[in-house]
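Encoded as structure tokens, the structure appears first; notes follow it.
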Amino acid sequence: MRTDEAPCRLIFAGATTLDYIFRVDHMPTGPGKLLPIEMAEVAHGMAASAAAAAARLGGDCMLISRAGADLAGDRIVADLERDGVDCRFVKRFDEARSAICAVLVDSEGERLAVPYYDKALAIGAEWLPLDRVAEADAILVDVRWPQGAAAILRAARDAGVPAVLDADVAPKKVIGDLVELCSHAVFSEPAALALSGRGTVTEAVEALAVRYDCFVAVTAGPLGCYWVEDGGVRHSKPPRVVAVDTLAAGDVFHGAFTLALAEGMPIADIIDFANAAAAIKCETFGGRLGAPDRRQVMTVLKKVAS
């Protein structure tokens with residue numbers, strides 16, 4: 001574990017969106033009008049939300065992403081910068097619209113998301129600041145921009161920098177190719193089941209750990225996280241909370257995981273730290289706006305241990 005006082009330098013690369021989140025009593029079952037209880041507008045996206053979560057936990061976080069040269073892009077950058085994320089490498093494209101997403105969150109904390117990604121956003125990776133990767137203590141990429149993710153993962157591998165893949169649902173070839181390049185793959189349950197072809201999380205994490213030469217973990221919502229260590233499957237449950245909003249819980253987990261990995265925590269402690277951060281987030285409406293600070297996470301972990 002790092003002993004100096006300087007915050008770990010982290011790079012996150014992937015999706016950014018401007019989300020309009022509506023809290024409703026129930027999900028719609030057909031056409032009509034549904035009046036929300038409350039509403040939040042917040043910059044989201046897998047990598048962006050993870051970066052903001054890690055910054056709130058004390059990381060020195062940079063985001064590499066794409067957005068349109070539009071008002072939505074302005075709002076995305078301003079929102080993330082307010083939360084301490086360095087957005088100098090969020091590249092803006094004149095001919096593209098920034099990604100936006102409408103999200104409904106019901107009384108059980110579950111959500112329905114309708115994202116829009118403009119195909120005009122350039123997919124090339126030739127402009128990436130790959131020289132910055134060697135300066136990082138850890139990096140994270142998501143699956144929403146495969147070309148950028150692959151370039152950054154290769155740079156991290158060449159520099160010996162720990163590289164985390166947020167392996168959410170995507171085409172199997174996309175996920176498989178990126179897992180081959182990372183040092184730590186943290187899958188969502190649906191992605192792990194789909195890629196492994198297995199029927200349970202335990203079977204999936206075991207099969208994927210055999211298939212790929214990297215650390216493999218699978219997050220399964222309130223059931224917690226499963227991972228393979230010393231040849232066996234291990235499991236850690238998150239602290240119990242009353243879930244108000246599960247949106248971005250996985251992103252917060254990944255941000256906390258990446259920070260703890262950079263700090264050199266043992267893997268079981270990394271999982272517990274990330275589990276606690278994601279669980280606390282679920283207690284607050286507004287997606288990543290519920291991401292906790294370091295003091296909140298440590299307080300919860302102390303209560304669990306006592």
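Keep in mind that the numbers below use all heavy atoms, side chains included, and drop hydrogens, waters and symmetry copies. The first residue in the sequence is number 1, and the count goes up from there.
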Are the side chains of [Y] and [X] in contact, using a 4.5 Å heavy-atom criterion?
X    : Y    : result
C101 : L18  : no
P292 : V252 : yes
V297 : T299 : no
E283 : V242 : no
V24  : I37  : no
C225 : F253 : yes
R234 : Y226 : no
V216 : F187 : yes

If you measure from [atom1] on [X] to [atom2] on [Y], what distance do you get to the nearest 0.5 Å?
X    : Y    : atom1 : atom2 : value
L153 : L140 : CG    : CG    : 9.0 Å
M46  : T17  : CE    : OG1   : 11.0 Å
D177 : L165 : CG    : CG    : 11.0 Å
M298 : F273 : CE    : CZ    : 7.0 Å
N275 : I280 : CG    : CD1   : 11.0 Å
L104 : L34  : CG    : CG    : 6.5 Å

| task | Take V133 and I152 through the side chain to side chain contact (heavy atoms under 4.5 Å, CB included) test and state the conclusion after the steps. | result | CA-CA 7 Å; V133 173; I152 291 170; 4.2 Å; yes
| task | Let me see the working for D70 and S98 under side chain to side chain donor-acceptor pair (under 3.5 Å), right down to the final yes or no. | result | CA-CA 7 Å; D70 54 12; S98 297; 2.7 Å; yes
Please check if any side-chain donor atom of [X] sits under 3.5 Å from a side-chain acceptor atom of [Y], or the reverse.
X    : Y    : answer
D166 : H254 : yes
D168 : S188 : yes
T16  : R66  : no

How about [atom1] on [X], more than 12 heavy atoms from neighbouring residues, nucleotides or ligands closer than 6.0 Å, or not?
X    : atom1 : value
Q147 : CD    : yes
I123 : CD1   : no
R92  : CZ    : yes

| task | Compute both the distance and the angle, then confirm whether K91 meets the cation-pi test with F93: under 6.0 Å from the six-membered ring centre, within 45 degrees of the axis. | result |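 Relative to the ring axis of F93, which defines the angle, K91 lies inside both limits.
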| field | Working for side chain to side chain contact (heavy atoms under 4.5 Å, CB included), residues D293 and L57 | value | CA-CA 5 Å; D293 60 26; L57 290 167; 5.7 Å; no
Basic-acidic side-chain contact under 4.0 Å: [X], [Y]:
X    : Y    : result
R154 : D158 : no
D79  : R288 : yes
R294 : E263 : yes
R144 : D142 : no

Which donor-acceptor pairs under 3.5 Å do side chains of residues 202-215 form with protein atoms, sequence neighbours excluded?
| unit_1 | atom_1 | unit_2 | atom_2 | d |
| --- | --- | --- | --- | --- |
| E203 | OE1 | G199 | N | 3.4 |
| E203 | OE1 | T200 | N | 3.4 |
| E203 | OE1 | T200 | OG1 | 3.3 |
| R211 | NH1 | L195 | O | 3.1 |

To check you understand the geometry: which heavy-atom pair defines the closest contact between [X] and [Y], and what is its length?
X    : Y    : result
L301 : A276 : CD2-CB, 3.8 Å
M39  : Y20  : CE-CD2, 3.4 Å
I270 : L261 : CD1-CA, 3.7 Å
G286 : A40  : CA-CB, 4.3 Å
A274 : F257 : CB-N, 3.9 Å
E189 : V218 : CA-CG1, 3.8 Å

Same cluster for [X] and [Y] if Ile/Leu/Val/Met/Phe/Trp/Tyr side chains link at under 4.5 Å?
X    : Y    : answer
V90  : M62  : no
L259 : V164 : yes
V174 : V169 : no
W145 : L10  : no
L181 : I139 : yes

Between [X] (side chain only) and [Y] (backbone N and O only), is there a donor and an acceptor less than 3.5 Å apart?
X    : Y    : answer
R56  : A291 : yes
T284 : G290 : no
T219 : G221 : no
T246 : G109 : yes
D245 : G287 : yes
D60  : R9   : no
R97  : L121 : no
D19  : I21  : no
K281 : G250 : no

| task | Tell me, with the steps shown, if V186 and W227 meet side chain to side chain contact (heavy atoms under 4.5 Å, CB included). | result | CA-CA 9 Å; V186 182; W227 73 99; over 6 Å; no
| request: Please test I64 against F12 for side chain to side chain contact (heavy atoms under 4.5 Å, CB included), starting from the C-alpha separation and ending with a verdict. | output: CA-CA 6 Å; I64 300 174; F12 296 82; over 6 Å; no
